[in-house]
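Comments concern the structure below.
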Amino acid sequence: MKDKHRVEAFVSAQPETGQPARDSYDFAAMEAKWPSVWEDLRVFEPADDGSRERRYVLDMFPYPSGDLHMGHAEAFAMGDVVARYLRQRGFDVLHPIGWDSFGLPAENAAIKRDAHPAEWTYANIDTQAASFRRYAISVDWSRRLHTSDPEYYRWTQWLFLKFYERSLAYRRKSPVNWCPYDQTVLANEQVVNGMCERCGTAVTKKNLNQWYFKITEYADRLLEDMDQLEGHWPDRVLAMQRNWIGRSEGAHARFAIEADAGLPGREVEVFTTRPDTLYGATFFVVAADSDLAVELVAAEQAAQLDDYREQVKSLSEIERQSTERPKTGVFLGRYAVNPLNGEKLPVWAADYVLAEYGTGAIMAVPAHDQRDLDFARAFDLPVRAVLDTGEADPAESGVATTGEGTLVNSGFLDGMDKTAAIGAATAKLEDAGAGEKTVNFRLRDWLLSRQRFWGTPIPIIHCPDCGEVAVPEDQLPVTLPEGMRGEALAPQGTSPLAAAEDWVRVSCPDCGGEAQRDTDTMDTFVDSSWYFLRFASPHFADGPFDVDAVNQWMPVAQYVGGVEHAILHLLYSRFFTKVLQDMGLVQFNEPFSALLNQGQVINGGKAMSKSLGNGVDLGEQLDAYGVDAVRLTMIFASPPEDDVDWADVSPSASARFLARAWRLGQDVTSAVDVDRASGDTELRATVHRTVNEAAELINSHKFNVVVARAMELVNATRKAIDSGPGPADPAVREAAEAVAVLLSLFAPYTAEDLWAKLGREASVVTAGWPRVDEQLLVRETITAVVQVQGKVRDRLQVPADIGEAELQALALESEAVSRSLDGRQIRKVIIRAPKLVNIVPA
RNA sequence: GCCCCAGUAGCCCAACGGCAGAGGCGGCGGACUUAAAAUCCGUUCAGUGUGGGUUCGAUUCCCACCUGGGGCACCA
């Protein structure tokens with residue numbers, strides 16, 4: 001760290017410095033003194049009695065992966081600004097904390113140490129909780145929760161069963177993403193560039209029987225309701241969700257597959273966004289890995305298809321997704337009939353068509369789709385352009401044309417433009433009963449089962465006679481089996497729970513016969529999809545939450561967290577909320593009204609990492625500079641959503657500022673009850689302007705600018721004491737108290753200590769936002785700018801209420817103006833009294 | 001390839017369409033000191049990525065491009 005030596009000097013100088021009569025700024029003493037006071041006063045607990053308007057501020061709850069790090073420090077500092085501000089504004093603020101305490105790392109640690117995941121998990125939670133207390137986040141500790149507590153996950157299970165009742169949870173066998181390292185399945189959202197999001201291993205496909213949530217049923221609402229979030233959520237998060245949901249409008253078209261060599265005729269539907277190009281279809285492709293391919297293939301080509309499918313299966317996800325790879329495929333020996341023109345198209349199987357998207361089959365229009373064109377050129381299939389875009393013929397150029405143009409070679413569509421042709425072709429399909437307008441989504445159902453131990457057991461019993469049976473509500477929670485630890489949890493491709501034979505064996509709730517528990521556990525994103533609801537009534541025993549409490553607090557007024565959850569957690573939580581709304585349990589359709597993505601804390605332009613050796617230890621920073629200085633550094637460095645580069649900031653400077661602010665407290669000599677209104681007008685105006693502006697800045701999340709304003713206020717107050725109206729002026733007290741309240745949002749210890757130094761009683765947390773006197777915001781004189789053709793030529797001190805004519809007259813008298821006009825005629829004068837005059841010469 | 005965001009001083013960053021600079025870092029100078037640290041005071045530095053457009057006036061609005069960051073991507 002570049003200013004390390006300065007810091008040491010600063011810190012070690014603490015005990016001896018200062019003039020004899022003055023205390024020195026001692027952050028360690030403050031950190032020792034105030035937490036118990038706050039606890040006794042219970043200032044961070046909401047009254048929850050309806051006496052004041054409620055506001056819910058929430059930080060994404062942490063995963064207990066060790067002690068807190070710099071990233072936590074930043075995120076929670078941001079959330080705390082909002083919570084503390086709203087409290088000062090008189091709202092009843094709910095600001096809770098809990099832990100997302102199920103998950104793989106605990107299990108891996110347990111295997112390595114021959115321990116139980118709970119031991120590691122709860123030890124880490126204790127460590128983090130202690131650090132959070134030191135860090136003085138203003139949360140209501142009485143509402144603390146952990147998703148791995150049976151009293152929490154019984155309700156996760158209850159919710160699963162409610163989804164199951166509504167057919168929103170179902171089990172199906174299908175090819176799923178499989179991580180060979182973690183030995184478990186992954187949701188689509190957890191596969192990043194063909195790799196396991198968690199460990200980076202290349203993901204493969206496995207055909208397994210797994211549980212899903214039917215999130216696709218909510219695709220439309222998840223998309224539409226984003227309108228409400230517009231302007232309150234970051235654009236990029238909304239963009240990512242839209243992208244992920246992937247709505248596309250188009251048409252279904254049904255192609256008849258001709259009967260052939262003993263195989264009956266049948267129909268196969270395709271999805272296309274370009275029904276206008278139907279006449280340009282020259283072949284037909286089905287996904288190689290789909291059942292459809294096997295069903296369609298003619299006997300003669302069956303062996304070839306088998307070989308091809310084997311070949312496709314052996315490819316990793318990364319290889320398969322590469323767009324560089326040449327097109328491959330096999331002819332299936334069958335023909336499809338174009339519903340519009342009756343043309344016979346050869347049917348192929350290829351891996352560039354995805355089984356899971358659309359219908360798993362496409363009509364190939366090589367002239368106007370690059371992928372189809374690549375395929376056509378690889379297998380020498382015909383290319384027929386049906387939209388004249390004025391570009392080179394795709395058959396010659398090898399470049400598919402996708403722009404606007406006029407339809408050709410297309411029968412009744414000829415001469416139409418693209419948009420008209422899309423409508424006309426779709427209408428024709430509908431008339432012919434061969435298709436219809438439709439909307440397709442990229443979003444797939446959420447695969448929620450995991451073959452791991454440390455998670456919420458799926459409350460289903462498999463009975464040989466009755467099939468899937470829900471565990472009756474009164475038997476919840478289905479707790480994890482006791483006594484499993486260490487190696488017993490090692491991944492084997494099947495769930496570790498399967499080895500707990502006594503646990504697995506149960507009697508069927510329906511028939512009483514011998515049955516088996518489902519041995520999978522839930523994705524931990526299920527746990528976190530409803531925790532924000534539990535906080536409203538964390539000890540409620542008769543359901544996942546008290547409906548009234550939830551409807552009083554929710555939706556969350558301000559959610560704070562990293563952008564890494566842009567699609568996973570946030571999409572799932574939105575989905576849960578909508579389902580709960582449909583169940584009548586909540587009265588809102590979106591859980592988080594506003595979202596703030598804090599940036600990351602990096603060091604030297606790069607993410608902190610062990611391998612780079614550029615990690616910064618939060619504990620060391622706190623020891624060296626104090627909690628407040630670290631918090632202030634995070635907030636002052638940049639706007640909340642930008643990254644903070646620890647190499648670019650100076651916590652020692654933050655500490656210096658805090659000390660300067662805190663020292664104001666010892667210079668104020670007026671009594672606590674002095675009449676502020678009798679104070680120095682100039683300083684008072686500064687105070688009121690600062691407070692007024694700070695409020696606006698916080699509303700627009702410009703916390704860094706608020707800190708700058710607080711610095712200005714401290715400077716102005718210092719000047720007033722040393723070379724202005726002096727320490728006894730009531731305005732100095734007013735200013736110092738305003739500093740304390742402003743600081744209470746960022747630097748809780750310094751603020752509280754300053755407040756006490758000023759003779760006020762704890763706590764500054766509930767001191768209330770200073771009332772702004774509008775009179776003091778009005779300036780008596782103002783600097784008017786005189787421009788000639790937009791360039792500043794003079795400045796005039798004028799009364800704030802000057803009239804336009806008067807201001808114009810003054811401006812025209814200016815020597816600088818006449819010099820700059822240089823005899824030219826005046827064409828026009830623009831006046832914005834009292835701030836500006838712009839003279840436009842002819 | 002498509003989508004989103006951002007480019008202001010040596011650095012981090014401010015600036016309702018109206019004086020480009022509020023705050024801080026760093027640098028420089030000074031006060032205090034035997035000296036240094038700490039503290040305090042003062043001071044330096046850009047015309048806003050590029051090119052157009054709208055406007056009396058553009059960092060701000062519009063268009064195109066460049067650079068950087070991020071997301072999606074064989075999604076029919």
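Naming convention: chains lettered A, B, ... in sequence-line order (proteins, then strands); numbering from 1 in each chain.
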* Structure fact -> Rounded to whole Å, CD of A/E693 lies from C1' of B/rC16 at a distance of 11 Å

* **Electrostatic pair A/R663-A/D667, nearest N-O below 4.0 angstrom** => no

* **Listed nucleotide nearest any side-chain atom of A/A708, set B/rG23, B/rA76, B/rU39** => B/rG23

* Give the minimum heavy-atom separation between A/E74 and A/G599, together with the two atoms involved. => OE1-O, 2.5 Å

* Asked: Who passes salt bridge (charged side-chain N to carboxylate O under 4.0 Å, His left out) against A/R689, sequence neighbours left out?
  -> none

* Under 4.0 Å between any heavy atoms, over every strand shown, what does A/N715 touch: base, sugar-phosphate, or nothing? Just pick one. => sugar-phosphate

* Asked: The side chain of A/Y357 lies closest to which of these nucleotides: B/rU39, B/rC74, B/rA76?
  -> B/rA76

Identify each donor-acceptor pair in which a side-chain atom of residues 830-842 of chain A lies under 3.5 Å from a protein atom, sequence neighbours left out, and give them as a table.
| from | atom 1 | to | atom 2 | distance (Å) |
| --- | --- | --- | --- | --- |
| A/N838 | OD1 | A/Q789 | N | 3.3 |
| A/N838 | OD1 | A/G790 | N | 2.9 |

* Contact residues, residues 628-635 of chain A to RNA chain B [heavy atom, < 4.0 Å] -> none

* **Side-chain ion pair, A/R254 and A/E436, N-O less than 4.0 Å** => yes

What protein N or O atoms touch nucleotides 10-14 of chain B N or O atoms at under 3.5 angstrom, if any, and at what distances?
| from | atom 1 | to | atom 2 | distance (Å) |
| --- | --- | --- | --- | --- |
| B/rC12 | O2' | A/A637 | O | 2.6 |
| B/rC13 | O3' | A/N704 | ND2 | 3.2 |
| B/rA14 | OP1 | A/N704 | ND2 | 3.3 |

* Enter syn or anti for the glycosidic conformation of B/rG47, syn applying to angles within 90° of 0. => syn

* Asked: Which pair of non-hydrogen atoms, one from A/L387 and one from A/G403, has the smallest distance, and what is that distance?
  -> CD2-O, 3.3 Å

* Asked: How long is the line joining CZ of A/R247 and C1' of B/rC2, in whole Å?
  -> 18 Å

* To do: Do nucleotides 53-61 of chain B as a string where each nucleotide becomes B, S or -: B if the base has a protein heavy atom under 4.0 Å, S if just the sugar-phosphate does, - if no protein is that close.
  => ---B-----

* **hbond_proxy A/K327 side chain to B/rC74 base (donor-acceptor, 3.5 Å cutoff)** => yes

* To do: Could you state the atom-to-atom distance from CG of A/L713 to C1' of B/rA22 in whole Å?
  => 13 Å

* To do: Determine the contact category for A/S654: base if any of its heavy atoms lies under 4.0 Å from a base atom, sugar-phosphate if only primed atoms, P, OP1 or OP2 are that close, otherwise nothing.
  => nothing

* Please check if the distance between the ring centroids of A/W348 and A/F283 is under 6.0 Å. => no

* To do: From the options B/rC19, B/rA76, B/rC25, select the nucleotide whose nearest atom is closest to the side chain of A/V785.
  => B/rC19

Would you tabulate the pairs of protein nitrogen or oxygen atoms and nucleotide nitrogen or oxygen atoms of nucleotides 68-72 of chain B closer than 3.5 angstrom?
| from | atom 1 | to | atom 2 | distance (Å) |
| --- | --- | --- | --- | --- |
| B/rC72 | O3' | A/R442 | NH1 | 3.3 |
| B/rC72 | O2' | A/N243 | OD1 | 3.4 |

